[in-house]
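To start, the structure under review is shown below, and the notes come after it.
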Amino acid sequence: MAGPFEGAAGLTGRREADEALLEDEKAMLENDPGGMLRATASAGAQVRESAALAAEANLSVLADEGRPRAVVVAGIGTAGLTGDILATVAGPRCPVPVIGHRSAGVPGWVGAADVVIAVSASGRSPEALAAADAAARRGARLVAIGNPDSELQAMAERARAPFIPVPRRAPARASLWGLAVPVLLAARSLGLVKVNEADLAETAARLDADAERCRAGAESFVNPAKSLALGLAGSIPIVWGSSPLATVAARRFADTLAANARYPVMAGALGEAGRGRVGLLDGPFGGLAESSRDIFADPDEPAELSTRLRLVVLRDGGLNPEEEADEPVAVEERRADAVQTLAERRGVRCDVVTAEGGSALERLASLVAVPDFASIYLALAHGLDPMAVPAINEMKELSNPMPEGLQ
């Protein structure tokens, strides 16, 4: 296997994944100097800590003016995903619209009848700051969530709005649960979502258990995250979710695969995929590529001549009897079965992650945890530092003009 190389812009890594590296715990930790594995393993602790911090904030003031007309969750990247999490956990019967807003400011219709939740791990993202400012100017109820002693906290204090401090110990993408739980608890104060202490405790326990299963010292054949990473190595991943909740997890996996492992990936809802994108299974990276494969070749050999699709299906058939959904669970299950059959007929390999747990929040956690670790192991197998992403820093430098006084 080819060794590491240095390419354009000083980038280092391996074009091909090194499976042996994932069995060397010491080497992996040396290639993860920023501690992304450790930060990801803290997901359960994030749930507990952020719930405690939210309990200390004065969220009761949100309910003083009654039910809002709408809730806008403003943020970008992982912070923006918290709005999708709130919408799916609240479910289709949520009495008010939940709108995720991923650009600066807030929608033009936002006013005094609405609630704006501004989320930023750093406490200084332009999108969250602009949303908080606009909410204050328009008289909307505001909740701010982010790094303590930040500009976002100062803005919330000036507006006399609740602020939930979430200490930043890792990049935002490794802090999903620390950001999402306060959003859910703010919505609970408004009577919009049913998340109780037992749900939070079970979700944290689920994340702890998955972190133990996916620990660096566990060998690939018993570590579901390493197995998933090795299956994806050298492929073009397609991640489809069978339900709205599973689709949020699918998009989360796409984000982490892109940022941590630098893999191009397509993600979305299986229902939408069945209307057109499922045709990818027939294309030059799907069935056509597989039809020309040597049947005697090792199916997991990384040094294949052509890149092929690898399908990941996230299935969520665990709705509680009292939960209501726009689409029957049986329909979701038949669709997921169908796409797995289509992939099998075309020789496209498919991985399945199935949700577990009683509450929507725990089921979401069960669909997110293993893929989160898999994205990090895939990065490490390629000799990439999953925390340091040079292109992100360069993008910020190139897109943010230097102040005139410093030019």
List the atom pairs, donor and acceptor, that lie under 3.5 Å between side-chain atoms in residues 217-231 and the rest of the protein, sequence neighbours left out.
residue	atom	partner	partner atom	Å
S220	OG	E23	OE2	2.3
N223	OD1	A225	N	3.0
N223	OD1	K226	N	3.2
N223	ND2	C214	O	3.3
N223	ND2	R215	O	2.9
K226	NZ	L22	O	2.7
K226	NZ	A216	O	2.7
K226	NZ	A218	O	2.7
S227	OG	S220	O	2.6
S227	OG	N223	O	3.2

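Judged by distance alone, with hydrogens and angles left aside, the side-chain atoms of R138 form a donor-acceptor pair with the main-chain N or O of G108 at under 3.5 Å. Within the 3.5 Å criterion, the main-chain N or O of N196 finds a donor-acceptor partner in the side chain of D199. Checked by atom type and distance alone, the side chain of S359 pairs as donor or acceptor with a backbone atom of E362 at under 3.5 Å. When atom types are taken as modelled, the side chain of N147 and the backbone of R168 share a donor-acceptor pair closer than 3.5 angstrom. Side chain of R262 to backbone of A259: a donor-acceptor contact under 3.5 angstrom is found. Between the side chain of R102 and the backbone N or O of G80, at least one donor-acceptor pair lies under 3.5 Å. Panel note: side chain T82, backbone T78; no donor-acceptor pair is recorded below 3.5 Å.
Here the closest heavy-atom approach between residue G357 and residue R363 is recorded as O-CG, 3.4 Å. The shortest non-hydrogen separation linking A57 to I164 is CB-CG1, 3.9 Å. Among all heavy-atom pairs drawn from L62 and L142, the shortest one is CD2-O, 4.3 Å. The minimum heavy-atom distance between S242 and A246, with the atom names listed, is N-CB, 3.6 Å. Minimum interatomic distance between R275 and G271 (heavy atoms only, all atoms of both residues): CG-O, 3.7 Å. When every heavy atom of G241 is checked against every heavy atom of T247, the shortest pair comes out as O-OG1, 3.4 Å.
Atom CG of D32 and atom OH of Y377 lie 9.5 Å apart (nearest 0.5 Å). To the nearest 0.5 Å, atom CG of residue L185 and atom CG of residue L86 are 10.5 Å apart. Rounding to the nearest 0.5 Å places CG of N31 at 14.0 Å from CE of M387. Rounded to the nearest 0.5 Å, atoms CG (L311) and CE (M266) are 11.5 Å apart. Atoms CG and CG, from L184 and L192 in turn, are 11.0 Å apart once rounded to the nearest 0.5 Å. Taking OG1 from T88 and CG from L245, the interatomic distance works out to 5.0 Å, rounded to the nearest 0.5 Å.
Proximity of L378 to S375: side-chain heavy atoms (C-beta onward) are nowhere separated by under 4.5 Å. Counting heavy atoms from C-beta outward, L37 and F373 have side chains that approach closer than 4.5 Å. Counting heavy atoms from C-beta outward, V278 and L342 have side chains that approach closer than 4.5 Å. The side-chain heavy atoms of I376 and T40, taken from C-beta on, include a pair separated by under 4.5 Å. Taking the side chain as every heavy atom from C-beta outward, V143 and V116 never approach each other to under 4.5 Å. In this structure the side chain of V73 never reaches within 4.5 angstrom of the side chain of H101, judged on heavy atoms. Counting heavy atoms from C-beta on, the side chains of V72 and P107 come closer than 4.5 Å. Contact check for V71 versus P97: no side-chain heavy atoms found under the 4.5 Å cut-off.
Ion pairing of R335 with E272 is absent here, as no side-chain N (NZ or NE/NH1/NH2) approaches a carboxylate O to less than 4.0 Å. Under 4.0 Å is where a charged nitrogen must lie from a carboxylate oxygen, and between R213 and D210 at least one such pair does. Taking a cutoff of 4.0 Å between a charged side-chain nitrogen and a carboxylate oxygen, D208 and R48 qualify as a salt bridge. Under a 4.0 Å N-O distance rule, the pair R124/E151 does not qualify as a salt bridge. A salt bridge does not link D84 to R251: none of the charged side-chain nitrogens sits closer than 4.0 Å to a carboxylate oxygen. A salt bridge between D64 and R141 is absent, with no side-chain N of the basic residue lying under 4.0 Å from a carboxylate O of the acidic one.
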Verdict with reasoning, N58 to V61, per side-chain contact (heavy atoms from CB on, under 4.5 Å): CA-CA 6 Å; N58 187 22; V61 300; 2.9 Å; yes
side-chain contact (heavy atoms from CB on, under 4.5 Å) between L176 and I85, worked out: CA-CA 10 Å; L176 173 65; I85 291 175; 3.8 Å; yes
Full working for side-chain contact (heavy atoms from CB on, under 4.5 Å) between D114 and W109: CA-CA 9 Å; D114 306 302; W109 48 262; 3.8 Å; yes
Residue pair R315, Q340: steps toward the side-chain hydrogen bond (donor to acceptor under 3.5 Å, both in side chains) verdict: CA-CA 11 Å; R315 301 187 61 154; Q340 288 177 233; 2.7 Å; yes
Full working for side-chain contact (heavy atoms from CB on, under 4.5 Å) between R252 and D372: CA-CA 8 Å; R252 161 69 175 181; D372 271 5; 3.0 Å; yes
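Close placement of the Y263 and H382 rings is indicated, their centers lying within 6.0 Å of each other.
The side-chain contact (heavy atoms from CB on, under 4.5 Å) test applied to S125 returns S120, E127, A128, not counting sequence neighbours.
When only modelled atom types and interatomic distance are considered, Q46 and S50 share no side-chain donor-acceptor pair under 3.5 Å.
By the neighbour-count criterion of 12 heavy atoms within 6.0 Å, atom CZ of R277 is sparsely surrounded, having that number or fewer from other residues, nucleotides or ligands.
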